[in-house]
Each structure stands twice: as structure tokens, then as C-alpha cells.
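Remarks on the structure that follows.
Chain letters run A, B, ... following the sequence lines, proteins first and then strands; every chain starts at 1.
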There are 2 protein chains.
Amino acid sequence: MSLRHALLGLLAIQPSTGYELTRSFERSLGSAWHAGHSQIYPELIKLEEAGLVEVVGEGARRSRTYGLTSSGREELRLWLVVAEPSRSQRNETLLRWFLLAQLTPADRRAALERELRFVEQERSTLERLWDHHVASGQDHPFGPTLDFGRRYHDLALDWLREQLTAAQDVGTTGTEDTEPRSTA
Amino acid sequence: MSLRHALLGLLAIQPSTGYELTRSFERSLGSAWHAGHSQIYPELIKLEEAGLVEVVGEGARRSRTYGLTSSGREELRLWLVVAEPSRSQRNETLLRWFLLAQLTPADRRAALERELRFVEQERSTLERLWDHHVASGQDHPFGPTLDFGRRYHDLALDWLREQLTAAQDVGTTGTEDTEPRSTA
DNA sequence: TAACGCATGTAATACGTTACATGATTCT
DNA sequence: AGAATCATGTAACGTATTACATGCGTTA
């Protein structure tokens with residue numbers, strides 16, 4: 001039940017509307033957790049019924065701004081410090097990377113090049129955000145997160161480039177270029 | 001629908017029973033995707049009905065070994081090379097790390113120390129697996145995966161240690177140790 | 001023969017995605 | 001006035017988790 005705690009975490013940073021939370025998932029928390037508005041609005045109502053959040057303001061277009069209650073803050077603390085973490089992950093990108101070895105060298109090169117372009121794109125987006133963060137001089141709560149993302153993408157780029165080099169060596173040293181790595 | 005492709009990928013490495021696939025998720029693919037046996041057995045039946053896998057052998061205790069059919073191999077190829085990837089992720093551990101900034105410095109230190117112990121443990125397990133892999137001289141399909149995991153864990157250790165140092169500085173330079181970073 | 005690990009299955013519940021649906025406000 | 005964006009909601013469907021359930025084969 002991590003959606004609940006992701007919402008509490010975002011509301012601990014600042015009170016927000018469901019709409020703003022939806023964008024925070026896309027912009028700040030996307031690499032750790034994903035949720036769309038159709039999940040967020042019902043969950044906010046459940047959190048309110050449970051007394052963990054409360055409406056702290058209403059604005060234009062029927063919007064409600066939610067904030068943490070003290071028991072919401074305590075629940076977040078318990079989850080982060082006391083509760084036994086669940087370590088299970090789902091990362092479709094990583095799944096793809098780990099299965100690329102099953103392709104022919106030609107297919108593998110094509111797939112690796114697509115992944116490289118994707119990661120390069122993401123990396124440069126993060127660099128722009130990072131520059132902006134540094135220039136602002138603000139101690140934004142997602143500063144460390146941004147830095148982690150930059151380093152992760154650098155690692156991913158190195159690894160993908162090595163895999164691509166390895167796949168190119170196979171394809172240019174006389175080995176058949178159309179045979180799978182393992183004929184199983 | 002990545003479970004389907006994760007299974008096809010594992011069966012591309014070698015034909016396996018549902019039980020073996022369950023363990024592969026724990027041991028090899030755990031950092032990319034998770035699935036338990038109660039999901040795997042029904043999915044294997046659906047894959048068989050769809051003609052993507054077939055029973056290639058039966059063993060003791062009613063076990064069936066499944067292998068890829070040629071259309072299963074083609075489906076895997078299409079997914080890896082042609083299909084538009086879905087990039088959404090869920091990583092509860094990362095979610096926790098990104099929300100730690102919302103805790104008091106004391107709580108944050110406690111949580112970071114727990115995370116450090118966990119990652120150190122994982123890292124040493126990977127090192128043992130890596131040593132074994134290198135010693136075996138075999139070109140195992142999860143060799144690159146293992147290497148990625150080692151580097152990722154090194155990055156995570158660096159980052160966590162930096163966060164811990166920062167949290168300790170806050171707690172030892174006269175600042176209140178029991179106040180949240182942001183009083184929101 | 002008891003315990004353990006292998007091997008499979010299903011039912012109930014919870015969680016997540018996609019599609020449908022509506023209306024308010026701002027900008028051009 | 002029309003388009004874009006803000007802002008919320010729900011229904012149907014698909015996926016995942018937890019708990020329950022059974023039986024075979026090996027080893028101590």
C-alpha cells in the first residue's frame with residue numbers, strides 16, 4: 001500500500017490538490033512510483049476518512065487543497081522509520097535490458113541504440129533540472145533525488161554503451177550475425 | 001503485460017517448470033520484476049493456449065517443463081525490438097529514499113542507517129555471485145545483469161553515505177535535532 | 001516415518017489502468 | 001468564441017497479492 005505513503009510524503013512537502021499531486025508523480029516521483037489521477041482522487045478520500053489528511057483550502061474550479069494531519073505525519077514517520085520495508089520492484093525498462101542477451105546481435109544492437117537514445121534524452125532533461133536547482137540556491141526536497149537520478153543515468157549510459165560495443169564486436173569479427181546467442 | 005514477456009524471456013534462456021521460473025524471479029530477475037507462483041502458473045496456461053510456449057517435457061511430481069515455440073520467440077523479439085516500451089516504474093525502496101528528507105534529522109539518520117545495512121548486505125551477495133560467475137568462465141546470460149547490479153549498489157551506497165553525512169552535520173552543528181526540515 | 005523441499009493449483013481481495021464523463025477558468 | 005488547461009470523478013477491466021489447499025519425492 002505504497003500509494004498511500006507516497007501521497008503522505010508529497011503532502012508533507014507541501015499541501016496540494018489532487019491535480020497537483022498527479023503532476024508531482026509525473027515530474028518528481030516518476031522514477032520511484034507512478035499513479036494516475038483516477039487512483040489519486042479516491043485514495044485522498046480514503047485518507048481523509050482515516051484522518052491522515054484534511055482539506056486545508058478550497059480554490060477555483062471546485063479544487064480542494066489537502067494537507068497532512070498530525071496523525072498523517074506520524075503514519076509517514078512510522079512507515080519510513082519503523083515499518084519493515086517491502087523491497088519488491090517492477091521496472092519494465094530494466095527487464096528489457098536484462099533480456100536483450102536473448103536477441104541476435106543485430107536485433108540487440110538496434111534495441112540498445114533505442115535505449116541509449118532514450119536514456120540520453122532523460123539524462124539531459126535531468127541536467128537541465130539540476131542546473132536550475134543549483135542556480136536557484138534553494139534547498140528543494142527533491143535536490144538529492146535529482147542528483148541520484150543524474151548518477152543513475154550516467155551509470156546506465158556507461159553500461160548500455162559497453163553492451164553495444166560487445167554486440168558490435170560479435171557482429172564484426174566473422175561470427176554469424178543472424179544467430180541467437182544461445183540456440184537453447 | 002510484462003509478466004508475459006518476462007516469462008518468455010526466461011524460457012528463451014532455457015526451458016523451465018513453473019517452479020523454476022518462480023525461483024528465477026527471486027534470484028535473477030528480482031531487481032527488475034517480481035512475480036509469485038500464483039501468478040506464474042495461470043499465465044503459463046494462457047501462454048500455452050496462445051501458442052507461445054509448449055510443454056517440452058514432464059518430470060517427477062507432475063512437473064511440466066515449458067519451452068518457447070517459434071511464435072513465442074518471435075513475440076519476445078517484437079516486444080524487445082519493435083514495441084513501444086512502457087517506462088513506468090514502481091520501486092518502494094527508492095520512494096522511501098526520496099521521502100527521507102521529510103523526517104527529522106534524528107529519524108533520517110536512523111532510516112539511512114537501516115537502508116545502508118540493507119544495501120551493504122545486497123551488495124556483498126552480488127559480489128559473491130559475481131566472483132562465482134567470473135570463476136566459472138561461463139558466458140551466463142545474467143552476467144551483464146549482475147554487473148549492472150553491482151554498479152547500481154555502489155552508486156546507492158555512495159549516495160546513502162552522503163545523505164547520512166549531511167544528516168549528521170545538521171545534528172551536530174547546534175541546529176535543533178528534533179525539528180522537521182520543513183515545518184510546512 | 002517425519003520433516004523438508006519440490007511442484008502445482010485456486011479463491012478472495014486489493015490494487016492499478018484505461019476509458020468515459022463533466023464542467024470551470026484562462027488565454028488567444 | 002474556441003481551444004487549451006485546470007480540476008474532479010467513476011465504471012469496467014486487468015493485474016497482483018495473500019491465503020488456502022493438495023500431493024509427490026527425498027533425506028534424516
Side-chain angles (χ1 to χ4, degrees), chain A residues 1-8 10-11 15-27 29-30 32-50 53 55-66 79 83-92 95, chain B residues 1-8 10-11 14-27 29-30 32-50 53 55-67 79 83-92 95:
Chain A
M1 213 198 275
S2 294
L3 171 61
R4 159 161 303 203
H5 298 102
L7 291 172
L8 294 174
L10 288 170
L11 293 177
S16 313
T17 66
Y19 188 83
E20 288 165 340
L21 291 166
T22 305
R23 287 185 315 177
S24 293
F25 274 102
E26 289 164 11
R27 294 177 187 177
L29 229 45
W33 205 263
H34 171 265
H37 79 275
S38 65
Q39 233 188 322
I40 290 168
Y41 289 113
E43 188 64 31
L44 283 171
I45 289 166
K46 284 185 211 160
L47 286 168
E48 192 182 13
E49 284 165 356
V53 305
V55 175
V56 297
E58 311 203 359
R61 303 184 194 89
R62 291 168 297 146
S63 75
R64 273 151 294 141
T65 300
Y66 289 89
W79 185 70
E84 195 57 36
S86 148
R87 302 292 184 178
S88 82
Q89 313 189 20
R90 301 179 137 42
N91 182 334
E92 186 176 318
L95 175 62
Chain B
M1 213 199 276
S2 294
L3 170 61
R4 158 161 304 203
H5 298 102
L7 290 172
L8 293 174
L10 288 171
L11 293 177
Q14 60 174 335
S16 312
T17 66
Y19 188 84
E20 288 166 340
L21 290 166
T22 305
R23 287 184 314 176
S24 293
F25 273 101
E26 290 164 11
R27 293 176 188 179
L29 228 46
W33 206 263
H34 172 264
H37 79 276
S38 64
Q39 232 188 323
I40 291 169
Y41 289 114
E43 188 63 31
L44 283 171
I45 289 166
K46 284 185 211 158
L47 286 168
E48 191 181 14
E49 284 165 357
V53 305
V55 175
V56 296
E58 311 203 358
R61 304 183 193 91
R62 290 169 298 148
S63 76
R64 272 150 295 140
T65 300
Y66 289 89
W79 185 69
E84 196 56 37
S86 148
R87 304 290 185 178
S88 81
Q89 314 188 19
R90 291 170 155 29
N91 182 334
E92 187 177 317
L95 176 62

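- Distance NZ (B:Lys46) to C1' (D:dA16): 11 Å, rounded to an integer number of Å.
- Summarising the geometry, atom NZ belonging to B:Lys46 is positioned 8.0 Å from atom CE belonging to B:Met1; distances are rounded to the nearest 0.5 Å.
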Before you tell me yes or no, could you show the steps for B:Leu7 and B:Trp33 under side chain to side chain contact (heavy atoms under 4.5 Å, CB included), namely the whole-Å CA-CA distance, both residues' side-chain angles and the distance that decides it to 0.1 Å?
CA-CA 11 Å; B:Leu7 290 172; B:Trp33 206 263; over 6 Å; no

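- A:Leu10 places none of its side-chain heavy atoms less than 4.5 Å from the side chain of A:Tyr66.
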I'd like a table of atom pairs between the protein and nucleotides 4-6 of chain D - only N or O on both sides, under 3.5 Å - with the distance next to each one.
unit_1: D:dC6; atom_1: OP2; unit_2: A:Tyr19; atom_2: OH; d: 2.5
unit_1: D:dC6; atom_1: O5'; unit_2: A:Tyr19; atom_2: OH; d: 3.3
unit_1: D:dC6; atom_1: O3'; unit_2: A:Arg61; atom_2: NH1; d: 3.0

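- Taking five base pairs at each end of the helix from C:dT1-D:dA28 to C:dT28-D:dA1, the local helix axes there meet at an angle of 30°, rounded to 10°.
- In this structure a side-chain-to-backbone donor-acceptor pair under 3.5 Å is missing from A:Ser2 to A:His5.
- The line from CG of A:Leu11 to CG of A:Leu21 is 5.0 Å long, rounded to the nearest 0.5 Å.
- Looking at every heavy atom in both residues, A:Gln39 comes nearest to A:Pro42 through O-CD, 3.5 Å.
- Shortest non-hydrogen contact noted between B:Pro15 and B:Val56 is CB-CG2, 4.0 Å.
- Between B:Tyr41 and B:Tyr19 the shortest heavy-atom distance is OH-N, 3.3 Å.
- Scanning both residues, B:Ala35 and B:Leu3, for their nearest heavy atoms gives CB-CD1, 3.7 Å.
- To the nearest 0.5 Å, atoms CZ (B:Arg27) and OG1 (B:Thr22) are separated by 11.0 Å.
- Taking 4.0 Å as the cutoff to heavy atoms of chain B, we find the contact window on DNA chain C bounded by C:dG5 to C:dT17.
- For DNA chain D, no neighbouring residue in residues 83-91 of chain B is found when judged by any heavy atom under 4.0 Å.
- A heavy atom lying under 4.0 Å from DNA chain D marks the following residues of residues 36-43 of chain B, by number: B:Ser38, B:Gln39.
- Taking for each of B:Thr65 and A:Trp33 the nucleotide of DNA chain C with the nearest heavy atom, the 5'-most of the two is the partner of B:Thr65.
- Protein atom CG of A:Leu3 is 15 Å distant from nucleotide atom P of D:dT17, rounded to whole Å.
- The side-chain heavy atoms of B:Leu47 and B:Glu43, taken from C-beta on, include a pair separated by under 4.5 Å.
- When the P atom of D:dT15 is taken as reference, atom CG of B:Leu7 falls 13 Å away, rounded to whole Å.
- A:Ala6 and A:Leu29 make their closest contact through CB-CD2, 4.4 Å (heavy atoms, listed as atom of the first residue, atom of the second, distance).
- Here A:Arg64 pairs with nothing under the salt bridge (Lys or Arg N to Asp or Glu O under 4.0 Å) rule; sequence neighbours left out.
- In this structure, the side chain of B:Thr65 does not engage the main chain of B:Ser63 through any donor-acceptor pair within 3.5 Å.
- Residues B:Gln89 and A:His34 have side chains not in contact (no heavy-atom distance under 4.5 Å, counting atoms from C-beta outward).
- Rounding to whole angstrom units, CD of residue B:Glu92 and P of D:dA16 are separated by 16 Å.
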